[in-house]
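Remarks on the structure that follows.
Each chain gets a letter, A, B and so on, in the order its sequence line appears, and its residues count up from 1.
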Number of protein chains: 2
Amino acid sequence: MMIEDNFRKVVPYVPGEQPKDNDVIKLNTNENPYPPSPSVLDALAKVDNNSFRKYPDPDVTDLVQAIADYHHFKKENVFVGVGSDDVLAMCFLSFFNSGKEILFPDVSYAFYKVWADLFQIKYREVPLDENFNIVPKDYMVDNGGIVFPNPNAPTGLTLPLSDIEDIIIENKHKVVIVDEAYIDFGGETALSLINKYDNLIVTRTFSKSRSMAGMRIGYCIGNEQLISVLNSVKFSFNSYTMSDVAIKCGVASINDDTYFKNIVAKIIDTREKTKESLTKLGFTFLDSSSNFIFAKHNEISGEELFNALKENKIFVRHFNAPRINDYLRITIGTEREMEELISFLDSYISGKRG
Amino acid sequence: MMIEDNFRKVVPYVPGEQPKDNDVIKLNTNENPYPPSPSVLDALAKVDNNSFRKYPDPDVTDLVQAIADYHHFKKENVFVGVGSDDVLAMCFLSFFNSGKEILFPDVSYAFYKVWADLFQIKYREVPLDENFNIVPKDYMVDNGGIVFPNPNAPTGLTLPLSDIEDIIIENKHKVVIVDEAYIDFGGETALSLINKYDNLIVTRTFSKSRSMAGMRIGYCIGNEQLISVLNSVKFSFNSYTMSDVAIKCGVASINDDTYFKNIVAKIIDTREKTKESLTKLGFTFLDSSSNFIFAKHNEISGEELFNALKENKIFVRHFNAPRINDYLRITIGTEREMEELISFLDSYISGKRG
């Protein structure tokens, strides 16, 4: 035996670049351009030595209760983790153990494949149709579980709630995970189906709409039985995943709903203005309901634009993958950041034509 | 198929109680009775909105480098996680994949068994000898990897470095994990063997000696190849496990070594005084090198003492497990807390005799 025979072989997910240089326009990781509610920094300022010295509440009671109240569920319906990636990883480990292949879209969040590989779960990537839409009937076949984002990433497209309900009904003996990382920016949430079906998990994150990517908070909502299974697995992995500081800041965010709704509305407004500007510049794009636009130019390749933007210190995301390698995923920044983006693209494209 | 057929079946670890009541003497989870270095709170006070809005550095560069410098290693030798439980879980998932059974002591950290079950790793619990010592030759048999704490928990006993080295040499094609959660309080670290052997991982935590249980920081040190495997698995699980606040506070702790050494010395001093007092009260105990004492009384059962203490708002840990159910694991608190403990035990025991 060689030492390598003991190692787990994986191909890790590659996150978007986090440049150390603060002098860039960062539209590459779907972060929120606005700070979190001032009450989050207030909560941080109140943290004292006991938040360090002692272990945090392993049940994360205060944050779980705040999230439950916010969405009108019981605390037994809520599970919290270190970002929705942690929540999704726990879901894969907890719910996809039938030995059958799980299903997710071929153009989607690239981490699904990575988790399946990590936990040695069989999977099949289901092709989106020619307009990049999810086809519900493709998910009504024998499988070991289903996961998809709504809105989907990186397309930004939504699936109507009636289609989601059909998928849930047709898969009642498997777990269906609807990844709602971007739902605050558009689309209809599946939370209204939680009390109706016991095989649905809806995941959410504080990283996008709540401006708290740096603090690592995600959660999911589901039937009590599913949440109880998740908690058993989580307590078999790490008793204390959420720091006391994260718990306190998370509660503060939930409690300032006015601020939250206000910045989300601003981002949606900027997104719609950006769509108009991109159209004028010769871009086509999917009609995004999220905090990013997935766009391609009618003359210039995605890779060329990605590199030209990066040289000019504007970071967007480019996926070198089939079907989507001519697209750029552009996060919605502030009004001013988007004006700078449009202005650069305008002169770059004119220069090419000139 | 029923929905339950999809679920992972586990028996989770049960962490020590975290009472909401602040009016208790909490000697049950091996927390540090002293706050972290004042520079940690200073670092927290400097956190601004960018620590929230943006994703943290996925490579945790600043903290990894600070830890590497502190122990005189390269950053390629260091891996950081959400407490040493997260680090150990990642190690189990990364390194114990040979299909052979892994080995750990029968009286030890109860989470080892839980991780093995979670990841469906075969294991064998190797009995400690009659004095609760690890017997090195028992680990020189066919196996798929080894893990043990040094000092061991809940015994507090240490294994000489030469014995640890023998175990590493005899298992050169498997990974040997030495869990040094308590090493700052006594025993000889195995870090000096890292550059000599490529199958050794040493894990550490900020939760005990560094007074930062609430912030969730742990790490391990090993050969570059092992750390690279760990990073691949970690990036297949969650790109961003460490919050920006945790990174900044962790660096601040590492950088104040004088404060750190001072509180550790105080705890060791209190531990030795507590040993004397316990002896006078009729307790026998293992000669702990950690921040707890594992003690039993010569007349009164562990369960009775545990309950009597709890009724008096003094929390210690009692394990209802073979060989150790007459023992209490008593964390070393402040001088004053230990005086209150001894004073209560004195009157309780006198009352029984009276």
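A distance-only check finds no donor-acceptor pair linking the side chain of A/S243 to the backbone of B/M215 [under 3.5 Å]. Between the side chain of B/R8 and the main chain of B/L118, a donor-acceptor pair closer than 3.5 Å is present. Formation of a donor-acceptor pair under 3.5 Å by the A/D48 side chain with backbone atoms of A/N50 is found in this model. Checked by atom type and distance alone, the side chain of B/K234 pairs as donor or acceptor with a backbone atom of B/S239 at under 3.5 Å. Distance alone, capped at 3.5 Å, places no donor-acceptor pair between the A/K54 side chain and the B/G214 backbone. At least one donor-acceptor pair under 3.5 Å links the side chain of A/R329 to the backbone N or O of A/N28. Judged purely by atom type and a 3.5 angstrom limit, B/Q18 uses its side chain to pair as donor or acceptor with the backbone of A/Y55.
Contacts between A/N199 and chain B at a heavy-atom distance below 4.5 Å involve backbone atoms as well as side-chain atoms. Interface remark: B/M2 contributes backbone atoms only to the contact with chain A (heavy atom separation under 4.5 Å). Only the side chain of A/K26 comes within less than 4.5 Å of a heavy atom of chain B; its backbone N, CA, C and O stay farther away. Heavy atoms closer than 4.5 Å to chain A are found in the side chain of B/K20, but not in its backbone. Proximity to chain B (any heavy atom under 4.5 Å) is restricted, for A/F96, to the backbone atoms N, CA, C and O. Of the two parts of B/Y240, the backbone and the side chain both hold a non-hydrogen atom closer than 4.5 Å to a non-hydrogen atom of chain A. Of the atoms belonging to B/S51, it is backbone heavy atoms, and not side-chain ones, that fall under 4.5 Å from chain A. Neither the backbone nor the side chain of B/V14 comes within contact range of chain A, judged by heavy atoms closer than 4.5 Å.
In terms of heavy-atom pairs under 4.5 Å with chain B, the best-connected choice from A/T29, A/V175, A/D198, A/V47 is A/T29. Between chain A and the options B/I247, B/N6, B/N49, the largest number of non-hydrogen pairs under 4.5 Å is found for B/N6. Looking only at heavy-atom pairs under 4.5 Å with chain A, the residue among B/D57, B/V10, B/D244 that has the most is B/V10. Contact count against chain B (heavy-atom pairs under 4.5 Å) is highest for A/H173 among A/K174, A/M212, A/H173. Looking only at heavy-atom pairs under 4.5 Å with chain B, the residue among A/A246, A/S207, A/G145 that has the most is A/S207. Among B/R210, B/K172, B/R216, B/K100, the residue making the largest number of heavy-atom pairs under 4.5 Å with chain A is B/R216.
Within 6.0 Å of the NZ atom in B/K9, the count of heavy atoms belonging to other residues, nucleotides or ligands exceeds 12.
Within residues 222-232 of chain A, the residues that have a heavy atom under 4.5 Å from a heavy atom of chain B are A/Q225, A/L226, A/V229, A/S232, listed by number.
Remark: A/V114 engages A/Y13, A/F111, B/S236 in a side chain to side chain contact (heavy atoms under 4.5 Å, CB included) (not counting sequence neighbours).
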Stepwise salt bridge (Lys or Arg N to Asp or Glu O under 4.0 Å) test for A/D42 and A/K46: CA-CA 7 Å; A/D42 290 350; A/K46 283 188 203 133; over 6 Å; no
Test side chain to side chain contact (heavy atoms under 4.5 Å, CB included) applied to A/L44 and B/F52, step by step: CA-CA 11 Å; A/L44 194 72; B/F52 288 95; 4.1 Å; yes
Hey, can you pull the donor-acceptor pairs under 3.5 Å for the side chains in residues 32-41 of chain B, sequence neighbours left out?
unit_1: B/N32; atom_1: OD1; unit_2: B/Y34; atom_2: N; d: 2.9
unit_1: B/N32; atom_1: ND2; unit_2: B/K208; atom_2: O; d: 3.0
unit_1: B/N32; atom_1: ND2; unit_2: B/S209; atom_2: O; d: 3.2
unit_1: B/N32; atom_1: ND2; unit_2: B/S211; atom_2: OG; d: 3.2
unit_1: B/S37; atom_1: OG; unit_2: B/S39; atom_2: N; d: 3.1
unit_1: B/S37; atom_1: OG; unit_2: B/S39; atom_2: OG; d: 2.7
unit_1: B/S37; atom_1: OG; unit_2: B/D256; atom_2: OD2; d: 2.6
unit_1: B/S39; atom_1: OG; unit_2: B/A252; atom_2: O; d: 3.4

For residues 83-95 of chain A, tabulate all N or O donor-acceptor pairs below 3.5 Å that involve a side-chain atom, not counting sequence neighbours.
unit_1: A/D85; atom_1: OD1; unit_2: A/Y109; atom_2: OH; d: 2.7
unit_1: A/D85; atom_1: OD2; unit_2: A/Y109; atom_2: OH; d: 3.1
unit_1: A/D86; atom_1: OD2; unit_2: A/V82; atom_2: N; d: 2.8
unit_1: A/S94; atom_1: OG; unit_2: A/M90; atom_2: O; d: 2.6

